[in-house]
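All residue numbers in this chain count up from 1 along the given sequence. Since the structure is predicted, the reported quantities are computational estimates derived from the model, not experimental observations. All values below were derived from every heavy atom in this structure, side-chain atoms included, with hydrogens, water molecules and symmetry-related copies excluded.
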Amino acid sequence: MSNWKDIEMNGPITPYNEPFILQRADPFVCRGADGTWYFTASYPDYDRILLRASDTLEGLRSAPERLIWTRHERGPMSRHIWAPEMHFVFGKWYIYFAASEWDDMWKLRPYVLACDGDPMTGAWHELGQMQPCEGDPQSFTDFSLDATILPWQGEYYYIWAQKASNISNLYIAKMAAPNRLGTVMVMLTTPDYDWERVDFWVNEGPACLVHDGKLYLTYSASGTGSCYCVGMLTCDLRDDLLDPRSWRKERWPVLGTDAEKGIYGPGHNSFVKDDEGRDIMVYHARTYDGIRTDDPLFDPNRHAHYLYVTYDAEGRPVFRVRRQGAATEAEK
């Protein structure tokens with residue numbers, strides 16, 4: 001891993017795949033109440049959490065990064081610092097991320113940082129591992145990562161990936177506190193289809209998009225090479241989010257490799273709205289096929305990209321890569 005900076009950063013650039021932010025996988029963008037845009041993501045060394053802020057989305061490209069936190073030398077939170085997300089919940093800013101241990105590299109568990117004030121100037125401190133609710137014997141007892149949070153009707157829902165029998169599934173629970181669940185885990189999806197089982201059986205990286213009374217939950221599937229792709233679940237917001245019967249799963253990916261446009265292995269996205277209320281999908285992808293290391297996880301060239309979400313005649317989201325992520329005139 002120490003020589004990742006010597007790896008060529010870009011494959012062929014097309015009008016569609018110019019990166020938004022280089023070498024930042026698992027990108028997460030959110031906005032503060034004052035309209036400030038924030039960006040965080042996995043750093044290629046998987047050893048730190050960085051945060052950018054800007055008055056505009058495009059400003060995040062060149063915004064300076066604040067070092068929020070670095071890994072421990074040993075024990076919990078000492079390896080594989082992955083997929084940080086920053087959420088304003090319970091009246092404060094928190095960062096949710098996964099980490100493993102130096103002596104047990106796949107002992108991934110979810111952790112929480114809390115901020116005392118402004119994310120770019122305030123002090124951040126550790127709250128430790130995310131905790132299950134009382135009487136829950138399963139949450140976070142195995143490989144667990146990629147948590148996101150959905151605020152809905154005065155409640156916060158915690159959605160994450162966790163392995164069972166070496167298969168990565170998605171689960172949901174209500175939160176009782178910033179670092180504790182309030183209900184037992186409920187499974188939303190397991191890798192059912194062939195496109196979710198390439199290299200590994202994986203559902204991970206959930207992200208929430210609310211539109212016209214529906215909740216669309218995107219997730220990433222398969223290994224992290226060019227087979228990586230985005231699937232989707234749909235739930236009517238009048239239904240019980242904790243009831244698996246409320247959710248419908250798409251038969252095919254909603255976003256995948258597009259060799260003609262130079263987009264390979266798109267996935268692990270987040271959603272954010274611009275000033276006009278348009279939905280933006282921020283995701284990572286490579287600009288070339290294959291990998292340049294022995295393991296795709298250690299090929300640093302998963303760059304952050306973004307695209308504008310459109311909606312079809314039935315009101316369902318469409319994720320189409322256009323020139324450099326820009327909205328068309330019809331979408332403005």
Do [X] and [Y] get their side chains close enough for a donor-acceptor pair, meaning under 3.5 Å?
X: N203; Y: E196; answer: yes
X: E126; Y: H72; answer: yes
X: D199; Y: S222; answer: no
X: S246; Y: D240; answer: no
X: D295; Y: T293; answer: no
X: E250; Y: Y216; answer: no
X: N301; Y: Q23; answer: yes
X: E58; Y: Y306; answer: yes
X: K174; Y: T183; answer: no
X: E204; Y: S220; answer: no

Which residue in the set Y96, W93, Y94 passes ring-ring contact (aromatic ring centres under 6.0 Å, His included) when paired with F88?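 So the option named by the test is W93.
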Using the rule ring-ring contact (aromatic ring centres under 6.0 Å, His included), only one of W82, Y43, W69, W160 pairs with F97; which is it?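 That would be W69; it is the only one of W82, Y43, W69, W160 passing the ring-ring contact (aromatic ring centres under 6.0 Å, His included) with F97.
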Do [X] and [Y] have their ring centres less than 6.0 Å from each other?
X: W106; Y: H80; value: yes
X: H211; Y: Y311; value: yes
X: Y264; Y: Y288; value: no
X: H268; Y: Y219; value: no

Think [X] forms a cation-pi with [Y], using NZ or CZ under 6.0 Å from the six-ring centre and within 45 degrees of its axis?
X: R251; Y: Y193; answer: yes
X: R24; Y: F28; answer: no
X: R109; Y: F140; answer: no

Hey, what do you get for CG (D299) to CZ (R302), rounding to the nearest 0.5 Å?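 Between atom CG of D299 and atom CZ of R302 there are 8.0 Å.
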Please round to the nearest 0.5 Å and tell me the distance separating atom CD1 of I280 and atom CG of D274.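 Between I280 CD1 and D274 CG, I get 4.5 Å after rounding to 0.5 Å.
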Is there a side-chain contact between [X] and [Y] in this structure, where contact means two heavy atoms from C-beta onward sitting under 4.5 Å apart?
X: Q131; Y: L181; answer: no
X: S144; Y: L108; answer: no
X: D47; Y: T70; answer: no
X: L209; Y: V309; answer: yes

T14 side chain to G262 backbone, donor-acceptor under 3.5 Å: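 No, the answer is negative, given that no donor and acceptor are paired below the 3.5 Å cut-off.
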Determine yes or no for a side-chain-to-main-chain donor-acceptor pair under 3.5 angstrom, with D104 supplying the side chain and P76 the backbone.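 Answer holds: no.
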Start with the C-alpha gap between K214 and D239, add the side-chain angles, then the distance that decides, and say whether salt bridge (charged side-chain N to carboxylate O under 4.0 Å, His left out) holds. CA-CA 10 Å; K214 296 286 198 307; D239 295 336; over 6 Å; no
Are [Y] and [X] co-members of a hydrophobic cluster defined by side-chain heavy atoms under 4.5 Å apart?
X: L150; Y: V272; value: no
X: I149; Y: I95; value: no
X: I81; Y: M86; value: yes
X: M232; Y: L255; value: yes
X: M130; Y: L113; value: no

Considering all heavy atoms, the nearest [X]-[Y] contact:
X: P191; Y: I167; answer: CD-CG2, 3.4 Å
X: C208; Y: L215; answer: CB-CD1, 3.9 Å
X: F39; Y: P27; answer: CE1-CB, 3.7 Å
X: A99; Y: M77; answer: CB-CA, 3.6 Å

salt_bridge(D275, R31) N-O dist < 4.0 Å: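 Salt bridge flag = yes for R31 with D275.
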Taking the basic N atoms (NZ, or NE/NH1/NH2) and the acidic carboxylate oxygens, is any pair closer than 4.0 Å for D279 and K273?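 So D279 pairs with K273 through a salt bridge.
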Could you walk me through whether K163 and D142 satisfy the salt bridge (charged side-chain N to carboxylate O under 4.0 Å, His left out) test, starting with their C-alpha distance in whole Å, then the side-chain angles of each, then the deciding distance to 0.1 Å, before giving a yes or no? CA-CA 6 Å; K163 280 190 176 181; D142 204 339; over 6 Å; no
Check step by step if salt bridge (charged side-chain N to carboxylate O under 4.0 Å, His left out) holds for K92 and D116. CA-CA 8 Å; K92 292 177 63 173; D116 297 327; 3.3 Å; yes
